[in-house]
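Remarks on the structure that follows.
Every chain is numbered from 1 and lettered A, B, ... according to where its sequence line falls, protein lines coming before strand lines. Not measured: the values here are computed from a predicted model.
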Protein chains: 2
Amino acid sequence: MSDPLKDYDPHAFEPFAVTVDLAVFTVREGRLHVLLIRRGQDPYEGSWALPGGFILPRESAEEAARRELAEETGLSEAVVDSLHLEQLRTYSGPDRDPRMRVVSVAYTALVPDLPEPHGGGDAAHAEWVAADGLGELAFDHGQIVADAHDRIGARIEYTCLATTFCPTAFTLGELQQVYETVWGTVLDRPNFRRKVLATPGFVEPVAGASRLTGGRGKPASLYRAGPATALHPPLLRPEGRTA
Amino acid sequence: MSDPLKDYDPHAFEPFAVTVDLAVFTVREGRLHVLLIRRGQDPYEGSWALPGGFILPRESAEEAARRELAEETGLSEAVVDSLHLEQLRTYSGPDRDPRMRVVSVAYTALVPDLPEPHGGGDAAHAEWVAADGLGELAFDHGQIVADAHDRIGARIEYTCLATTFCPTAFTLGELQQVYETVWGTVLDRPNFRRKVLATPGFVEPVAGASRLTGGRGKPASLYRAGPATALHPPLLRPEGRTA
DNA sequence: GCAAAAGTGTTTTTCATACACCCATGT
DNA sequence: ACATGGGTGTATGAAAAACACTTTTGC
């Protein structure tokens, strides 16, 4: 902005459409899944695409992202408002969309597995698709999903975000599986435990609660997400970072 | 994007202007400086603002950022093309600019101190301003500068970006001062040295060259940036992270 | 000689890793 | 009984932090 707006006539330029795209992830059955929509219209008809839509005239991009997320997933406004939404980056290639100039602000969200993406309206055909080995997506959405996966992998090293993949009460084994799934690595259980419990505010024990996870084995005690948001000694993945 | 574009008429919506804003930093005399422009027009007249401008119809946001950077700093196209430009985030509040709806993609660049921002045209009134304790900036540019500072502080922990603040040949003391300036901390010289030299590809020695830095003292040997881009054992700042 | 800045070495402590081992539950 | 997953303890090794010390220059 700044200077060039001095003699600007709002309708002089060819207009840019500004949209949001959502890369919503969950961990299901030990695999990372993305929420996708099967396209029914002309460009890329039949391909998978990310949910998203226009920013309305009086909305910020984040507000638009939350609104679209609620519409696509059928989650209540209250739940969506409390979710952690992270701006990924903005995609602005002049030929992203063959129809017109579309600049899109991409957001990432991490949700627990529980909610099936049912819901009225747009959500009718939204589905969870395994993130590894999905084919060509519409537009540059394949790139967006790849960027989002990288970002999440890096974010869970320094932040407490991994708990947002879990239900309100979860076991440490479940939390560990989130890390293993996102990073595609195997972690040492005793050491993972120690690091997580040694980080103040990461997780807090739920009184005397426990849950049987795999059908067999000792029931694991339950934890909930703590008040901390950053991970002070970071939880680095085994092999070097993705940069 | 995706669905909502099905019946879209390019001129039906009130148009969004899409711009880029640049937060260009340098380290000068042990202080972090930002490149700013004194506004001469109506909104925020007389205030400092970030350089930036419109994305042209056939440009990506990054291309626009490089073009603007060349215009504002007077640096040659070749230099600007080789610079590391990083997309920060997109600012989209509906009332950022009182005149109309402007969505702006912010970029950060790190440059060495050498080049005085002279240059024809727009650069006439671009100046380096110390980043600590600058007053109110125009629009939401104060927020952008703060976000950019945070981001840079985090980036130099894991990447070799800090060398882009230095001239082509630099001493380890100069590199250390970059870290100290950006983080606002003091580092232990022997330990800093060790970490930097232990990271393969971070810096490479320049044959027998040396330079006298403070007027007195032993001349320091010179290094140049190495081929590495990521810092494998990260160079973490003393106190916990900014997150 | 002294101050200032570069560079080297060493010691201490902390932390990550890799295991070995015990506990509780379902079949 | 045994397989399966949860949980505890511990020895080893690498790395970060703290700091003492030497070197080379200008004044």
message: Using whole Å, what does the distance between atom P of nucleotide dC15(C) and atom NE2 of H232(A) come to?
response: 13 Å
message: Generate the contact string for nucleotides 16-25 of chain D. Rules: B means base contact, S means sugar-phosphate contact only, - means no protein heavy atom under 4.0 Å.
response: -BBBB--BBB
- request: Using whole Å, report how far CD of Q177(B) lies from P of dA5(C).
  value: 10 Å
field: Value in whole Å for how far the P atom of dA20(C) lies from CZ of R193(A)
entry: 20 Å
- request: Using whole Å, report how far CZ of F192(A) lies from C1' of dC15(C).
  value: 17 Å
field: For atom CG of L197(B) and atom P of dA6(C), their distance in whole Å
entry: 14 Å
query: Roughly how many Å is it from CG in L175(A) to P in dG5(D), rounded to a whole number?
result: 18 Å
task: Using side-chain hydrogen bond (donor to acceptor under 3.5 Å, both in side chains) as the criterion, list what pairs up with T90(A), not counting sequence neighbours.
output: T90(B)
- request: State whether Y91(B) and R89(B) meet the cation-pi test: NZ (Lys) or CZ (Arg) under 6.0 Å from the six-membered ring centroid, and within 45° of the perpendicular axis.
  value: yes
query: What pair of heavy atoms forms the shortest contact from S60(B) to G93(A), and how long is it?
result: CB-CA, 4.3 Å
message: Between V111(A) and F165(A), is there a side-chain heavy-atom distance shorter than 4.5 Å?
response: no
task: Figure out the CG/P separation between L235(B) and dA15(D), and round it to whole Å.
output: 15 Å
task: Would you name the heavy atoms of F202(B) and L175(B) that are closest together and state the gap between them?
output: CZ-CD2, 4.2 Å
query: With E204(B), which residues qualify under salt bridge (Lys or Arg N to Asp or Glu O under 4.0 Å), at least two apart?
result: R224(B)
- request: Give one of base, sugar-phosphate or nothing for S221(B), where a contact means two heavy atoms less than 4.0 Å apart.
  value: sugar-phosphate
